[in-house]
Participant: 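A single structure is presented below for examination.
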Amino acid sequence: MFLALASIDWLGQAEIACRLRRATECTVALGQSDATVIGRAILLLRRPRDLVRALFGSVPDGLAGAMQRLGHDPVGGPETYRELQRLFFSDDAVDRRRVKVLGQMAGSLVGAQIEIVRLLDPVLMHPLFVANVYETKQVAELNAALAYVRARCSRATDEAIRSSLARLKPGDHRSTLYKWWTYRFDRLPRSFDTRGDPTLVILGSAEALADAGRPYANCLKSKVGEVYVGNYVYIEYRPVAPESGIIAELRVTTQGFLLEGLYARKNCKVRPERAAAVRRKLAACGVALYDHAPDEQDIVAAAARVLNYYHFAEPDNTGWGVEFDEPPANDLEELVTFADEAA
């Protein structure tokens, strides 16, 4: 009944009455008003299927079930029922997919889901995913996040995205899809020019970050998301063997890159002379470095201690403080690993 009443909004009362007169012509007296004809027809055509057939000529598979799952109270406005009618009577392949997803979703339907399936990128048409989208205002964000996946992941074809949707399990949040693709990105959102220096290697993909994280025994894999959205870029300094490598953490700013830290294996500190060499290389590539007040180290450090700024005693990007990259002497396993890598 709600579909019939809502259709007045786009077909008009006169047209609705005309269609229902034809369906109930043997019971309609001449001269009855359009409103009377519509009201009488609704009473006579009690079955929803008969009413839909009288109005639109046929009853597509699943439409009656969808109306029943919307409930006995009106949902949304007339546009909700207009879109429902359009979807089920459409021959478009994408619309047929939308209808199929609505039928595959468990439980009752809410009015917003009719609009959601219309607005969502067609590749996201999966019942478990759509069931986790509750408001139409979320759709623009989800579509934009999918566009970002396509831009950052060379393997994110429509077919591959649909395959990843098939991996969803009941109870998975809608963000599960995007997190899965984050760990498959292979296109940096910001480029870094190493100026042809072969010792500076950009860790430009989730795979490269994870691969580097294993020999360095650090948390690079957990930084994938930060790199994916463009907050950080990580550079590996790969010197000639047997000298060990260094990881440089670059923060992205509006003015370029800023070196936030240099890390040896297990995030150990880097010796001053080695750190200075890497800083020079990065500075030559346009990377900004932290600095102190233009005074002697002892003077600035003393001023900091008086003010209880004790972090001045820690190593930073100017090389102040005690730095090392040797493993702890009392850790036999670390010594063996370090020796194997140097060999």
Side-chain angles (χ1 to χ4, degrees), residues 145-157 159-169 172-194 197-252 257-270 274-275 278 281-282 285 287 325-328 331 333-343:
L146 180 64
Y148 195 79
V149 167
R150 287 169 166 148
R152 301 275 72 82
C153 307
S154 64
R155 292 173 289 177
T157 62
E159 182 179 355
I161 293 169
R162 290 191 185 97
S163 295
S164 60
L165 281 165
R167 298 160 59 100
L168 292 177
K169 300 179 179 60
D172 281 348
H173 192 266
R174 57 183 177 272
S175 63
T176 301
L177 170 73
Y178 299 95
K179 289 177 180 177
W180 192 84
W181 278 103
T182 296
Y183 284 91
R184 282 149 185 81
F185 92 85
D186 54 5
R187 294 171 179 161
L188 283 175
R190 296 181 183 271
S191 60
F192 180 80
D193 185 1
T194 62
D197 189 332
T199 65
L200 298 178
V201 179
I202 303 169
L203 302 180
S205 68
E207 183 179 11
L209 288 163
D211 288 347
R214 285 188 286 272
Y216 281 92
N218 59 22
C219 60
L220 271 176
K221 187 175 181 180
S222 70
K223 303 295 184 180
V224 166
E226 293 273 22
V227 178
Y228 173 74
V229 297
N231 287 341
Y232 285 93
V233 171
Y234 288 88
I235 305 296
E236 183 182 2
Y237 169 60
R238 293 181 185 174
V240 178
E243 185 182 355
S244 55
I246 295 170
I247 297 294
E249 182 179 60
L250 308 185
R251 186 69 162 89
V252 179
F257 298 96
L258 169 68
L259 176 61
E260 286 211 339
L262 294 174
Y263 305 96
R265 190 172 185 275
K266 272 205 166 180
N267 291 332
C268 286
K269 302 165 188 175
V270 182
R274 300 188 67 224
V278 177
K281 285 176 172 287
L282 293 172
C285 296
V287 176
D325 63 356
E326 294 86 354
D331 190 332
E333 181 181 351
E334 285 291 308
L335 285 171
V336 170
T337 303
F338 184 75
D340 289 342
E341 289 178 356

Participant: Is the distance between the ring centroids of Tyr263 and Tyr216 under 6.0 Å?
Facilitator: no

Participant: Flag this pair as yes if the NZ/CZ of Arg251 is under 6.0 angstrom from the six-membered ring centre of Phe257 and inside a 45 degree cone about the axis; otherwise no.
Facilitator: no

Participant: Rounded to the nearest 0.5 Å, what separates atom CG in Leu168 from atom NE2 in His173?
Facilitator: 11.5 Å

Participant: Please say whether more than 12 non-hydrogen atoms of neighbouring residues, nucleotides or ligands are located less than 6.0 Å from CD in Glu243.
Facilitator: yes

Participant: How close do Val270 and Ala264 get, counting heavy atoms only, and between which atoms?
Facilitator: CG2-N, 3.8 Å

Participant: How long is the straight-line distance from CD of Glu236 back to CD1 of Ile202, given to the nearest 0.5 Å?
Facilitator: 12.0 Å

Participant: Could you give the distance from OH (Tyr237) to CZ (Arg274), rounded to the nearest 0.5 Å?
Facilitator: 6.5 Å

Participant: Starting from the C-alpha separation in whole Å, work towards a yes-or-no answer on side-chain contact (heavy atoms from CB on, under 4.5 Å) for Val278 and Ile235.
Facilitator: CA-CA 10 Å; Val278 177; Ile235 305 296; over 6 Å; no

Participant: Step through it carefully: locate the ring centre of Tyr178, locate the ring centre of Tyr148, and say whether they are under 6.0 Å apart.
Facilitator: no

Participant: Does any pair with a residue in residues 177-191 pass salt bridge (Lys or Arg N to Asp or Glu O under 4.0 Å), and if so which ones, sequence neighbours excluded?
Facilitator: none

Participant: So which atom in Leu220 and which in Leu209 form the shortest heavy-atom distance, rounded to 0.1 Å?
Facilitator: CB-O, 3.5 Å

Participant: Checking Thr176 against Arg167 for the side-chain contact (heavy atoms from CB on, under 4.5 Å) test, could you report, in this order, the C-alpha distance in whole Å, the side-chain angles of both residues, the deciding distance, and whether it holds?
Facilitator: CA-CA 10 Å; Thr176 301; Arg167 298 160 59 100; over 6 Å; no

Participant: On a heavy-atom basis, which atom in Leu203 and which in Ala212 lie closest, and how many Å separate them?
Facilitator: CD1-CB, 3.9 Å

Participant: Using modelled atom types and a 3.5 Å cut-off, is there a donor and acceptor pairing between side-chain atoms of Arg265 and backbone atoms of Ala217?
Facilitator: no

Participant: Spell out, as yes or no, whether a donor-acceptor pair under 3.5 Å connects the side chain of Asp197 to the backbone of Thr194.
Facilitator: no

Participant: Side-chain contact, heavy-atom cut-off 4.5 Å: Val229 with Pro189?
Facilitator: no

Participant: Quick one: CD1 on Ile161 to SG on Cys153, what's the gap to the nearest 0.5 Å?
Facilitator: 8.5 Å

Participant: Compare all side-chain heavy atoms of Leu250 with those of Leu259 and state whether any distance is below 4.5 angstrom.
Facilitator: yes

Participant: Rounded to the nearest 0.5 Å, how far apart are CG of Asn218 and SG of Cys268?
Facilitator: 10.5 Å

Participant: Between Tyr228 and Val149, is a side-chain contact (heavy atoms from CB on, under 4.5 Å) present by the stated rule, with each step listed?
Facilitator: CA-CA 9 Å; Tyr228 173 74; Val149 167; 3.3 Å; yes

Participant: Taking all heavy atoms of Pro239 and all of Ser244, pick out the closest pair and write down the distance.
Facilitator: CG-O, 3.3 Å

Participant: What distance separates Glu249 CD from Leu262 CG, expressed to the nearest 0.5 Å?
Facilitator: 9.5 Å

